[in-house]
Amino acid sequence: MNAPTPKVGKTSPALRKGPSAAFAVDISDVPPPVGASRLRFRHVALIASFLSLVLVPVAVAAWYLWAVAADQYASRVGFSVRQEDSGSALDLLGGLSSLSGSSSSTDTDILYEFIQSQRLVADLDAELDLRAMWSKPDSDPVFALPAEGPIEELVDYWGRMVTSAYGTGPGLLEIEVRAFTPEDAFVITNALFERSSQIVNDISAIARDDSIRYARDDLTEAEERLRTAREQLTLFRNRNQLVNPELDLQSQAGLLSNLQQQQATALIEIDLLADQTSSGDPRLEQARRRLEVIERRIEAERQKLGFGGESAGGRAFADLVGEYERLAVDREFAETAYTSALAAYDGALAEARRQTRYLAAYTLPTLAETPEYPRRVLLLAMIAGFLFLAWSILVLIIYSLRDRR
């Protein structure tokens, strides 16, 4: 008699026998296997969105880049602002200084901003007709410039076609200019280099003129001060009829000293006569009169010198000397200031001749032979990557909203 067939979902009696009976598993709760996958509407919509949002735009961009977009040629120039400082001929002969060159990062920064300015764009457009150069490919509305438009649009397009970058060394500036023909790119680059050289020369001329003008103003002021001081001293001499009161003072002092010596001699003579003669002796009277005359003369001379009040002319001689010394000090100070201002002016002229700024090009404007732009592979890869990323984000958002329901 055959053994009964075990039912599905229950443990078989045969499995209960033997050492493996302890590992028997009840499979009654296991769900049935999933059926074959079928194409549904959401799958079709996903494929259609990928085609319409990614593949088709990428294909259109590829067709435009290779079939419609015009070739662009690049011209490059590299330069640096140099400043030459050379000493004077005497310094060079003495070995105190020598020719030297240095670059100015400040001037390079000024040039960097000047290249992006609207004034430069307007000047070059008036000189070269930039609109005509950059609007040549009529069939390329994406990369070409419209023939008509405001200056702001031209400045924005200038920022796309003209690239400025600092070089690897200090004070170096590199410019890249693009155009639809190599000749146009070369012409724009050369004109840009000439304009940059002109602005550097203008900056140098302004600094030089300012230095000379300030030195000239100081010299003019010093000359006027010296002229005034000399005029005041001349008026004092004419008014008091004195050339140098200090010399007159020395002469007056010498005269007063001589009179005082004579006074002492007269006093000694009077004392001797008083001891040897009687009071009515004519020699004694004569000596006393001589002493009185000497004392009056001493008093008059002292008044002239300012020791005993004002002189007969109304002013003490000491006051005249004091005023003269003040005027003389003013004149000496004015002469010293004039000498310093004249030296500063001569130095400014010498520095203006010795110090010059100029634009040194280490890479002259180049003439391209092969178009480098637009970089079609790079642009297509960027477009494809951006579209794929946007499509992926959109799909994730839709599926997350679907799973929430």
Side-chain angles (χ1 to χ4, degrees), residues 73-89 91-92 96-128 130 133 151 154-179 182 184-216 344-368:
Y73 298 84
S75 177
R76 297 177 178 85
V77 64
F79 51 80
S80 173
V81 180
R82 306 294 297 176
Q83 179 174 343
E84 293 296 338
D85 299 334
S86 60
S88 62
D91 294 339
L92 290 176
L96 298 179
S97 63
S98 60
L99 295 176
S100 64
S102 61
S103 62
S104 174
S105 59
T106 303
D107 294 335
T108 306
D109 295 337
I110 293 175
L111 275 182
Y112 184 86
E113 296 298 330
F114 172 73
I115 291 172
Q116 309 298 328
S117 65
Q118 178 177 333
R119 176 62 182 273
L120 175 63
V121 176
D123 291 343
L124 290 183
D125 183 42
E127 179 182 351
L128 305 176
L130 296 177
M133 292 182 176
I151 185 62
L154 180 59
V155 173
D156 293 339
Y157 192 81
W158 172 276
R160 291 166 49 189
M161 302 297 284
V162 178
T163 305
S164 305
Y166 290 102
T168 55
L172 302 181
L173 193 61
E174 298 177 354
I175 310 296
E176 180 185 82
V177 179
R178 286 181 284 163
D184 290 345
F186 177 80
V187 169
I188 297 174
T189 305
N190 193 47
L192 178 60
F193 177 74
E194 291 178 355
R195 289 282 179 169
S196 301
S197 179
Q198 180 180 354
I199 193 65
V200 169
N201 293 334
D202 292 342
I203 293 174
S204 180
I206 291 174
R208 182 169 57 249
D209 293 342
D210 288 344
S211 176
I212 295 176
R213 185 175 70 253
Y214 295 148
R216 185 186 298 112
Y345 179 70
D346 293 338
L349 291 177
E351 290 296 324
R353 289 191 296 266
R354 292 199 301 265
Q355 294 184 0
T356 59
R357 290 185 180 91
Y358 63 93
L359 206 61
Y362 59 87
T363 301
L364 294 175
T366 59
L367 182 63

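Starting from 1, each residue takes its place in the sequence as its number.
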Q | Verdict with reasoning, Leu128 to Val187, per side chain to side chain contact (heavy atoms under 4.5 Å, CB included) | A | CA-CA 8 Å; Leu128 305 176; Val187 169; 3.8 Å; yes
Q. With no hydrogens and no angle check, do the side chains of Tyr166 and Asp109 hold a donor and an acceptor under 3.5 Å apart?
A.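 Note: Tyr166 and Asp109 side chains meet the donor-acceptor criterion.
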Q. Does a donor on one side chain and an acceptor on the other come within less than 3.5 Å for Ser164 and Gln116?
A.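 Indeed, the side chains of Ser164 and Gln116 share at least one donor-acceptor pair under 3.5 Å.
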Q. Passes side chain to side chain contact (heavy atoms under 4.5 Å, CB included), Ile115 versus Leu173? Steps please.
A. CA-CA 11 Å; Ile115 291 172; Leu173 193 61; 3.9 Å; yes
Closest non-hydrogen atom pair between [X] and [Y], with its separation:
X: Met161; Y: Ala179; value: CE-N, 4.1 Å
X: Leu124; Y: Arg195; value: CD2-CG, 3.9 Å
X: Pro182; Y: Leu367; value: O-CD1, 3.3 Å
X: Ala348; Y: Ile212; value: O-CG1, 4.2 Å
X: Ser197; Y: Leu359; value: N-CD2, 3.4 Å
X: Val177; Y: Ile188; value: CG1-CG2, 3.5 Å

[Y] backbone acceptor or donor facing [X] side chain under 3.5 Å:
X: Trp158; Y: Gln118; result: no
X: Ser75; Y: Thr366; result: yes
X: Asp125; Y: Leu130; result: yes
X: Ser117; Y: Phe114; result: yes

**Q.** Carboxylate-amine/guanidinium contact Arg160 Asp156, below 4.0 Å
**A.**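 No, no charged N to carboxylate O under 4.0 Å.
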In Å, rounded to the nearest 0.5 Å, how long is the span from [atom1] of [X] to [atom2] of [Y]?
X: Leu172; Y: Thr363; atom1: CG; atom2: OG1; result: 9.5 Å
X: Thr163; Y: Ile175; atom1: OG1; atom2: CD1; result: 8.5 Å
X: Thr108; Y: Glu113; atom1: OG1; atom2: CD; result: 12.0 Å

**Q.** Flag side-chain contact, heavy atom, 4.5 Å: Leu154 against Val121
**A.**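 Yes, side chains in contact.
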Q | Heavy-atom side-chain proximity of Ile203 to Ile110 below 4.5 angstrom | A |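 In short, these two side chains touch, coming nearer than 4.5 Å.
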**Q.** From CA spacing to verdict: side chain to side chain contact (heavy atoms under 4.5 Å, CB included), Leu111, Phe79
**A.** CA-CA 10 Å; Leu111 275 182; Phe79 51 80; 3.7 Å; yes
**Q.** Stepwise side chain to side chain contact (heavy atoms under 4.5 Å, CB included) test for Tyr362 and Glu174
**A.** CA-CA 10 Å; Tyr362 59 87; Glu174 298 177 354; 3.0 Å; yes
